[in-house]
Amino acid sequence: MKAAAYALNTTGSLETIQQQTAQDEMHKVVAGGQSLGAMLNLRLVRVDVLHDLSVVDGLTDIAADDEYLTVGAMVTHARLEDEPASDTTLQFLSHVAHGIAYRAVRNSGTIGGSLCHADPAADWISAIALLGAQLVIDGPQGRRTVAAENFMQFAFETDLQPGEVLTRIRIPRYPQATHWSYRKHCRKTGEFAMAIVAAIQVPDTGVCRITFGALDGPPLTLSGDSLFQKLTSETGREELLSSLTGHIAADQIVLHRDLLRQVASDLGAFK
Amino acid sequence: MTEKPPQVFDTGIGSRVRRVEDSRLLRGQGQFVGDIKLPGMLEVAFVRSPVAHARIQHIDKPPTGPMQHVFTMQDLIGVKPILATSGLKGFQVSEQHPMARDKVRHVGEIVAMCIAPTRAQAEDLAESVVVDYEELPAVVDMFDAVSPDAGALLHDSWTENVFLRTHVSQNQPITGSGTEKVFRKLRTSRQCMAPIEGRAVLCHFDQRLDQLVVWSANQQPHINRTGIAQCLSLPEEKVRVISPDVGGGFGYKAILLPEEICCSWATMRLNAPLRWLEDRREHLSANANCREHAYDISLTVSSDASLLGIECNAVVDSGAYSSYPFTACLEAAQIGSILPGPYQMKFFDCHTSSAATNKPPILPYRGVARTGVCFALEVMMDIAARKLGVEPHELRRRSLVRAEQMPYTNITGKLFDSGDYVQCLDRALETFGWDQWRNKQRLHNSTNPQKRIGLGIGMFCEQGAHGTSVYHGWGIPMVPGYEQCHIRMTPDAGLEIQIGVHSHGQSMETTFAQIANSVLGIQVSRVRIRHGDTASTPYSTGTWGSRSAVMAGGAVGNACEALAKRLISIAAHLLQEPADNLKFAHGGICTLDHAKRIPLEEIAYTWYRAPQKLPADVDPGGLALTAGYRMNPDSGTFSYACHVCAIEVDTETGFTKLLDYAVCEDGGTLLNPMVVEGQLLGGIAQGVGTALLEEMPFDENGQPLATTLADYMLPSADDVPPVRIEHMHTPSPFSKYGQKGIGEGGAIAPPAAIINAINDGLADLGAEILMVPASPQRVRNAIKLAREAA
């Protein structure tokens, strides 16, 4: 299994990358290559030129201010796993990163690459939606910001327009008292998820968000003051699960039901 | 006759010597086919059929650049098809041409070979070959294949899509009062063997030796050499096959592949070295298929809980071709003789069919038919025990062949050599803590309706190392006879041992050195085991059927003993002592009272460098000889084991989690218990895969649906529980040191034990798993069906 021949651009100029990928769809960016590499080798994807984002300046930075943690799109899963000190999400990011595939994949795979690949069964697309992150996109027309929940449109399709590159992920800071839970069912450890349920709750403010992932299309995020209350009872949880109708085959909901119960338990919604 | 190992040293037979192989393998210094490069070597990629069944109308070859070549079957003039025939009555022969000639019969079948300086270039070339297929209806399901209106015939000259049907029957079924009968339909999924190293071939023509040299990742280089020579009409001395380090085989590397014939032909045609390294996609979708059994099976038991008889109709999906040398009916035909397992019974009736379908040929995988057979029989034993309301071990205890009956000829004529099966069951239960687990289970399940614990047992006995008397009746292209060993001592008293079997993970470089140590007192580090090269080793059918420790081990023992006699006679002369007053001690020969001693170095030096000191009547054969060995009787050894496990089943999600696993096994005299434990653990990991994860599904057009390791689930470290192992040591009376073939057993019982545990956990819901793997979906469906029925 060898990829068909292509050229690799390692000059690291974001401007050139934006221009060329805007003009020619046989130009693609590679951001870690853990999915794209396999697809190229299987010849399911072909390119003339692959632009390597790992050499673009600034995309591997992690920075925090009072409001946001800003993670460069080319930060690897392994770094997020290993650097809990810079994680202002109360170790949520490092927990999610730790559960992605296996270490060799985490060493090369990146958060931005995973988001742009938009596999519904992958982790970041659900995790980032749960956190209410903002995705910073730089393109030929300048910079724009998209809410994480609106980024993925269909399975393997995002809001990115030709020439645009996801460069940063801005994740709001959560207060110390925040509770979170991230649960998934995989056929075996490290495989893509069959179901994902995650929730975050800030007790004093009443903020609560729940994300259902590994659906047919994009993850589904619910938010609102009454959510936590619904988690406490089976009827309430069934009501939440009913929002999945149309997003996943009916006989698969059983896995989300099981996870939702675990998540509710993790958040202390029942004993 | 079993002999006591002649002398016991601390690194001899039975000791836990560390593996000689590990140093190079663990440091990444092993030498596999993929590590070998020859100057001017070209790479091969194959064009493979994208359809399961079609006539080839036309193949359009692309223009080729320098050092690029495309060949189809039309170019392979005079190359014969691979023929794996069986002498069993009614067997229909399939011709497997190295590349498809007029028809393709499974997805992945080779249509053309493309050669270029790099694999990527060869794949580019392969992509530009245009093939015009006229599609035919695909025969995908084995039950469709065996039915009279299959829709299409795979092989034009055949009368039906069945390689072979067999029927074995002993005595009339017992029915009526005092008996209970249970019937089920059971299935095992098609799987893929997954050695870490795939198949690999590197060949060139050696002009100096006038010889085709084929490096092949292979378990049986001599059989491959015979097969290659036959297909290419070459005299065998003109072919040399070398198997270097082999990264796991499990049966997949005991097959002559069409790829080997294509590469061998092309290397001679082009006079250039060629290499083909199988990639994982070819491996999964075109080649390494195995295990796909269906059983309509009923057990009759007496109301006081003993097995009375079995009636069964078994079908094996053998795929499109009969593979060389084991044939397409290896699995199905064996079912008819091994289904009774370790039990005694009054009657037995079994029909088998080897169905031909538009899928890759089914190949022998560790345990061969036994994994499916053990699954079918043992799951039924538990179902019968539940019907009788007794513990599953009760029914087994009253049905097993007992120690005092050994040696025992069972209902299908199998001669069980030795053992205490009841003790094995009891020790496994004790090691596992069956009664404690039952209490824990009751407590847990009464308070936790979602997650239930279940307990299961799987038992088997395994015929291994079976020889001429078993195989000659099969009429397959290969009948094992005497196993041989060339042995020679170097002038400084090192020992070179050459054997025709080949290791693909069996640790033979260690265990056979231990045999030499036991006989000759020589340090393990001074013994070199050489295997895997037809140029320097005695002819052998190779490593398969749990035979090497018994057959090659016996040959090594005999060779060492013959050499010992010659060493002693020289020592007797040099020490001026009668031979019967001498024995081997560490690194030398001494008198029985240890008063006089001569190092082996001095004896070897005398033979090679100071012959003037030799006795006049010295054996002129010197310190090199060939010895042979065959068991008597050669009907094989029967190792056996009982696996017991506990599993947690989530009745909502269908996920399962193994909680505990214990094994009691009896491999007779163990050459190296540590090696046996390693074999067991590896086999159990594969058995867990069969039970819970591994499945190669096909769609209705015969398209394989798990063509990458993202879709084909193999067990990982955390899927395999810690295993507690208990050994029994009942020597085989038929083998040289009492050793029994044990290498495959680990992979046989896990599906039975694990599915029995799941069914035990679900018993009060009335749900049963009757097909492996027990995926979460299958578990949920079984529960759903039971709820609907209730």
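Source: prediction; values computed, not measured. Numbered from 1 within each chain, the chains take letters A, B, ... in sequence-line order.
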* **Gln777(B), part contacting chain A, at a heavy-atom distance under 4.5 Å** => side chain

* Check ion pair Glu652(B)-Arg257(A) (N to O, under 4.0 angstrom) -> no

* Kindly give the heavy-atom pair with the smallest separation between Ala710(B) and Glu191(A), and that separation in Å. => O-OE1, 3.9 Å

* Considering only heavy atoms from C-beta outward, does the side chain of Gln450(B) approach that of Asp258(A) to under 4.5 Å? -> yes

* Side chain, backbone, both or neither of Arg280(B) within contact of chain A (heavy atoms, under 4.5 Å) -> both

* Asked: Is the number of heavy atoms from other residues, nucleotides or ligands within 6.0 Å of CD1 (Ile196(B)) greater than 12?
  -> no

* **Lys/Arg N to Asp/Glu carboxylate O, Lys2(A) vs Glu43(B), below 4.0 Å** => no

* **Flag if over 12 foreign heavy atoms under 6.0 Å of CZ, Phe154(A)** => no

* Heavy atoms only: give me the nearest Ala120(B)-Arg43(A) pair and the separation to one decimal. => O-NH2, 3.4 Å

* To do: With a 4.5 angstrom heavy-atom cut-off, could you sort out which part of Gln121(B) is near chain A: side chain, backbone, both or neither?
  => neither

* Closest contact, heavy atoms only, Phe655(B) versus Met194(A) -> CZ-SD, 3.7 Å

* **From Asp650(B) atom CG to His185(A) atom NE2, the distance as rounded to the nearest 0.5 Å** => 6.5 Å

* Report, as yes or no, whether the 6.0 Å neighbourhood of atom CD on Glu25(A) holds more than 12 heavy atoms from other residues, nucleotides or ligands. => no

* Structure fact -> Ranking Asp719(B), Asp124(B), Leu277(B) by heavy-atom pairs under 4.5 Å to chain A gives rank one to Asp124(B)

* Above 12 or not: heavy atoms from other molecules or residues under 6.0 Å from CD of Gln229(A)? -> no

* **Lys188(A) (side chain) donor-acceptor with Asp718(B) (main chain) under 3.5 angstrom** => no

* More than 12 non-hydrogen atoms from neighbouring residues, nucleotides or ligands closer than 6.0 Å to NE2 on His98(A), yes or no? -> no

* To do: State, yes or no, whether a side-chain contact exists between Glu123(B) and Asn41(A) at a heavy-atom distance under 4.5 Å.
  => no

* Asked: For the residue pair Arg780(B) and Val254(A), what are the closest heavy atoms and their distance?
  -> NE-CG1, 3.5 Å

* So which part of Thr118(B) gets closer than 4.5 Å to some heavy atom of chain A, the side chain, the backbone, both or neither? -> neither

* Please flag which part of Leu259(A) lies under 4.5 Å from any non-hydrogen atom of chain B: side chain, backbone, both or neither. => neither

* Contacting moiety of Ala122(B), where chain A heavy atoms sit under 4.5 Å -> neither

